[in-house]
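What follows is a set of notes on a single structure, which appears directly below.
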Amino acid sequence: MYDLAALGAWAEFAVRWLHVITAIAWIGSSFYFIALDLGLHRDRNLSSGADGEEWQVHGGGFYHIQKYLVAPAGMPDGLIWHKWQSYWTWMSGFALLVLVYYLGAEFYLVDPNVMDLAPWQAVGISLASLAFGWLAYTQLCNLFVNANQTTLMVALFAVLVAMAWFYTQVFTGRAALLHLGAFTATIMSGNVFFIIIPNQKIVVADLMEGRTPDSKYGKIAKQRSTHNNYLTLPVIFLMLSNHYPLSFASEYNWIIASLVFLMGVTIRHWFNTHHSRQGNPHWTWAVTALIFIAIVWLSVAPNLNQEAQRVARFAQAEGFEEVHDIVLGRCSMCHAAEPVWSGLLWAPKGVALETEADLTRNARAVYLQSGISHAMPPANLSYMEDAERAAIVAWYKAAIDG
């Protein structure tokens, strides 16, 4: 049993490592090509017939890059396709979803206080929602095909806000934000798999057959690539959110998630405008900062002033004995040297909460995870009551104010 658990933990670690590596490769190439396209010099009459060019220096050498608006006159040798970064990022991310949230649905996916689902029901909703995301997005693109692209992005934002709210009504807070990230990432990978690469293959086939490629395929691919560019930063935030309970275990977590998409737009707008040599709209950084301040406020509202920034003697604070009993009764079955909860062979993240020293050493984590948020116990499996959470908050506040 222990060997299987250890193998499972290492499998999760390996898949997560792969996911991070492929995501770096995908995001890096995406950002690079968007910046390259925006920064091309298109005011030069190039003898090659290219739409624009740029000179770059990197790694001790110079690069002369040209872009053809539709395609070159003939099929080039050794054509490199940028697609596997996207495919492997989605596949490894989905594998992580299975390993962590589907196989650990009782802990991380289902919260009976939100919606009392059987694990198979929760998994079914998860899968259906990812498929719905791609179908809904595709319909929006078809509906607004001739409209201003800002209109399309506003419509997509409305869908994302609705899904943020929906997920928080179905899953745990942690799973809700993670699923919103997976929902968006599925749209992004779908763009590559169903639109961008097939359109490029049509152009390549035309070149090989000696036909003049239709420019519409390149325009559609560029549109979807631009959408991916604006969605990337929010996806990264949402994927990291499961490590920070103040983002996912807040009462306003769906609003926080929605605001993150706006931050992604403001940040990318500055970079895209800068790379296209159309100025430096520094106002976007002010807007981004204001949005982030709003997110921080929402994460602790209405308990904004409960955490101070100084060392305290938690063991001597009023309410310590009561909180110690609460933690022993609600948390120590998992957070112990030898957990008694079925399926756990070691304490999550190696955190033990059995002794008074354990509690004082992890006071801030207990306050954040179980006091001002409902991150722990996961899905409130040990039925920690609101009064007990209030006791944790009161104890922590007494300690830091003492």
Side-chain angles (χ1 to χ4, degrees), residues 1-21 91-114 116-123 126 171-179 181-182 239-245 247-249 323-371 373-385 388-389 392:
M1 182 66 178
Y2 180 86
D3 290 341
L4 289 176
L7 288 174
W10 276 109
E12 180 185 328
F13 192 177
V15 174
R16 191 180 300 274
W17 189 27
L18 173 64
H19 186 56
V20 171
I21 291 171
M91 288 189 291
S92 58
F94 183 75
L96 269 180
L97 190 65
V98 172
L99 289 172
V100 178
Y101 289 91
Y102 292 179
L103 297 182
E106 183 183 18
F107 277 101
Y108 301 120
L109 187 58
V110 177
D111 184 347
N113 294 313
V114 176
D116 194 5
L117 299 169
W120 69 268
Q121 292 174 317
V123 171
S126 171
F171 299 140
T172 65
R174 172 178 173 173
L177 264 63
L178 191 284
H179 270 75
M239 293 306 178
L240 293 175
S241 68
N242 67 96
H243 299 288
Y244 297 92
S247 66
F248 68 76
V323 172
H324 184 234
D325 289 341
I326 292 171
V327 171
L328 282 178
R330 305 299 188 188
C331 310
S332 64
M333 67 282 292
C334 296
H335 289 282
E338 296 182 0
V340 297
W341 191 275
S342 177
L344 283 181
L345 297 178
W346 51 69
K349 297 186 180 297
V351 176
L353 295 171
E354 296 178 282
T355 67
E356 293 183 354
D358 290 338
L359 177 56
T360 55
R361 186 166 52 249
N362 295 285
R364 184 174 183 273
V366 171
Y367 167 71
L368 292 175
Q369 301 268 4
S370 301
S373 78
H374 289 196
M376 291 291 165
N380 203 23
L381 291 174
S382 59
Y383 304 104
M384 182 177 286
E385 299 176 357
E388 294 173 324
R389 297 185 189 278
I392 293 173

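Residue indices begin at 1 and follow the sequence shown. Values in this document were obtained by computation on a predicted structure and should not be read as measured data.
Here the straight-line distance linking atom CG of Leu359 with atom NE2 of His335 works out to 12.0 Å at 0.5 Å rounding. Rounded to the nearest 0.5 angstrom, Thr172 OG1 and Asn113 CG are separated by 11.5 Å. Between Ser126 atom OG and Leu117 atom CG the span is 11.5 Å, to the nearest 0.5 Å. A distance of 10.0 Å separates CH2 in Trp17 from CH2 in Trp10, rounded to the nearest 0.5 Å.
Annotation for Tyr244: atom OH does not count as buried by contact number, only 12 or fewer foreign heavy atoms lying within 6.0 Å.
Side chains of Leu178 and Leu97 form a contact here, defined as non-hydrogen atoms less than 4.5 Å apart. Using a 4.5 Å cut-off on side-chain heavy atoms (C-beta onward), Phe171 and Val114 make no contact. At a threshold of 4.5 Å between non-hydrogen side-chain atoms, the residues Arg174 and Val100 count as touching. A heavy-atom distance below 4.5 Å is not found between the side chains of Ile392 and Arg330. Side-chain contact between His179 and Leu109 is present, with at least one heavy-atom pair separated by less than 4.5 Å. When side chains are defined from C-beta on, Asn380 does not count as touching His374, because their heavy atoms never get closer than 4.5 Å.
Note on ring orientation: taking the six-membered ring where Trp is involved, the planes of Tyr101 and Tyr108 are perpendicular (angle over 60°, cut-offs 30° and 60°).
Side chain of Ser247 to backbone of Ser241: a donor-acceptor contact under 3.5 angstrom is found. Checked by atom type and distance alone, the side chain of Glu356 never pairs as donor or acceptor with a backbone atom of His324 at under 3.5 Å. Looking at His19, its side chain never comes within 3.5 Å of a backbone N or O of Ser92 through a donor-acceptor pair. Of the possible donor and acceptor atoms, one in the side chain of Asn242 sits under 3.5 Å from a partner among the backbone N and O of Met239.
Nearest heavy atom pair, residue Glu12 against residue Leu99, reads CA-CD1, 3.9 Å. Considering all non-hydrogen atoms of both residues, Asp111 and Ala379 come closest at OD1-O, 3.3 Å. Summarising the geometry of Cys331 relative to Met384, their closest heavy-atom pair is SG-CE, 4.0 Å, with the distance given to 0.1 Å. When all heavy atoms of Cys334 and Trp341 are compared, the closest pair comes out as SG-CB, 3.6 Å. Considering every non-hydrogen atom in both Glu388 and Tyr383, the closest pair reads OE1-O, 4.1 Å. Nearest approach of Asn362 to Ala352, heavy atoms of both residues: ND2-O, 3.7 Å.
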